[in-house]
Undergrad: 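My structure is below; once you've seen it, I'll send some questions.
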Amino acid sequence: TQYLEEADFLADTIGVIDHGRLIAEGTSDSLKETIGGVVVQLGVEDPYCADAITAINNLTGSDPLHDEDRGLLVVPAKDGSRSLVEVVRAMDEASIPILDIELHKPTLDDVFLSITGHAAEPDRPAGDQQEREVAR
């Protein structure tokens, strides 16, 4: 199947193919582990705010990553939902309002994006695929 959600639910072993080449293979969990585990994605007014970065650093021992596209801080969630609660407390203690927060588990879409550098494309009729390949 080309549907990543379906593959995640049904397949024991998954092969990731990009432009006709097998680029990765494994179980859903093993592929997801290649890009990291669960993270807390945190939206604050200024993701480069020194106080927010310091609060996260004090909590985790390292600076958060930045999701440049969405303007979020990304914090490893080694303890799952407990990490989310700890991040909320750290932001509250630093008086930093939270605009958005989410516990994010990697998906096969995340894996595909990480491996290929682009999002998975929806299935297209053969003619469209050939026309797209010629246009490149």
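For reference, positions follow the sequence shown, starting with 1.
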Undergrad: Is it true that D8 and K32 have a side-chain N and a carboxylate O under 4.0 angstrom from each other?
TA: yes
Undergrad: What's the shortest heavy-atom distance between D110 and K105, and which atoms?
TA: OD2-O, 4.1 Å
Undergrad: Is there side-chain contact between D12 and T27, with heavy atoms separated by less than 4.5 Å?
TA: no
Undergrad: List the atom of P64, the atom of L73, and the distance in Å for their closest heavy-atom pair.
TA: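 P64 and L73 have their closest heavy atoms at CG-CD2, 3.9 Å.
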Undergrad: Please determine whether residues I53 and M91 belong to a single hydrophobic cluster, defined as Ile, Leu, Val, Met, Phe, Trp and Tyr linked transitively by side-chain heavy-atom distances below 4.5 Å.
TA: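 No: no chain of side-chain contacts under 4.5 Å links I53 to M91.
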Undergrad: Output the distance between atom CD1 (I17) and atom CZ (R21), rounded to the nearest 0.5 Å.
TA: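 Reported value, rounded in 0.5 Å steps: 11.0 Å.
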Undergrad: In Å and rounded to the nearest 0.5 Å, what is the CG to CD1 distance from L42 to I98?
TA: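 Nearest 0.5 Å value for the CG-CD1 distance: 5.5 Å.
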Undergrad: Would you indicate whether E45, at its atom CD, is surrounded by more than 12 heavy atoms from other residues, nucleotides or ligands within a distance under 6.0 Å?
TA: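 For E45, atom CD is not crowded (no more than 12 foreign heavy atoms under 6.0 Å).
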Undergrad: With the 4.5 Å side-chain cut-off for hydrophobic clustering, are V40 and L99 part of the same group?
TA: no
Undergrad: Ignoring hydrogens, what is the shortest heavy-atom contact between A90 and A55? Give both atom names and the distance.
TA: O-CB, 4.1 Å
Undergrad: Going from OG on S28 to CG on L108, what distance comes out if it is rounded to the nearest 0.5 angstrom?
TA: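 Going from OG on S28 over to CG on L108, the span is 4.5 Å.
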Undergrad: Could you tell me the separation between the CG atom of D51 and the CG atom of D46, rounded to the nearest 0.5 Å?
TA: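 Between D51 CG and D46 CG, I get 10.0 Å after rounding to 0.5 Å.
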Undergrad: Kindly indicate whether the side chain of I101, heavy atoms from C-beta on, has any atom under 4.5 Å from the side chain of V88.
TA: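 A side-chain contact exists here, since the closest heavy-atom pair is under 4.5 Å.
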Undergrad: Quick one: closest heavy-atom pair of L31 and V111, and the distance?
TA: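 Looks like O-CG2, 3.5 Å.
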Undergrad: Less than 4.5 Å apart, side chain to side chain, heavy atoms only: is that true for F112 and D18?
TA: yes
Undergrad: Got a donor-acceptor contact below 3.5 angstrom from the H66 side chain to the L72 backbone?
TA: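 Flag not set: sc H66 to bb L72 has no pair under 3.5 Å.
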Undergrad: When you measure from the side chain of D79 to the backbone of R82, do you find a donor-acceptor pair of N or O atoms at a distance under 3.5 Å?
TA: no
Undergrad: Are L103 and V75 co-members of a hydrophobic cluster defined by side-chain heavy atoms under 4.5 Å apart?
TA: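 Per the 4.5 Å side-chain linkage, V75 and L103 are co-clustered.
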Undergrad: At their closest point, which heavy atom of A11 faces which heavy atom of I14, and how far apart are they?
TA: CB-CG1, 3.8 Å
Undergrad: Roughly how far, to the nearest 0.5 Å, is the CZ atom of R89 from the CG atom of L84?
TA: 10.5 Å
Undergrad: Yes or no on side chain to side chain contact (heavy atoms under 4.5 Å, CB included) for L22 and V16, after CA distance, side-chain angles and deciding distance?
TA: CA-CA 6 Å; L22 180 67; V16 179; 5.7 Å; no
Undergrad: Does atom CD of E102 have more than 12 heavy-atom neighbours from other groups under 6.0 Å away?
TA: yes
Undergrad: To check you understand the geometry: which heavy-atom pair defines the closest contact between V44 and P97, and what is its length?
TA: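 Closest pair (atom of V44, atom of P97, distance): CG1-O, 3.8 Å.
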Undergrad: Indicate yes or no: at least one non-hydrogen side-chain atom of N58 is less than 4.5 angstrom from one of T54.
TA: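 Answer yes - side chains close enough.
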Undergrad: Consider only side-chain heavy atoms of I, L, V, M, F, W and Y, link residues closer than 4.5 Å, and tell whether V38 and V87 are in one cluster.
TA: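 Linked within one cluster.
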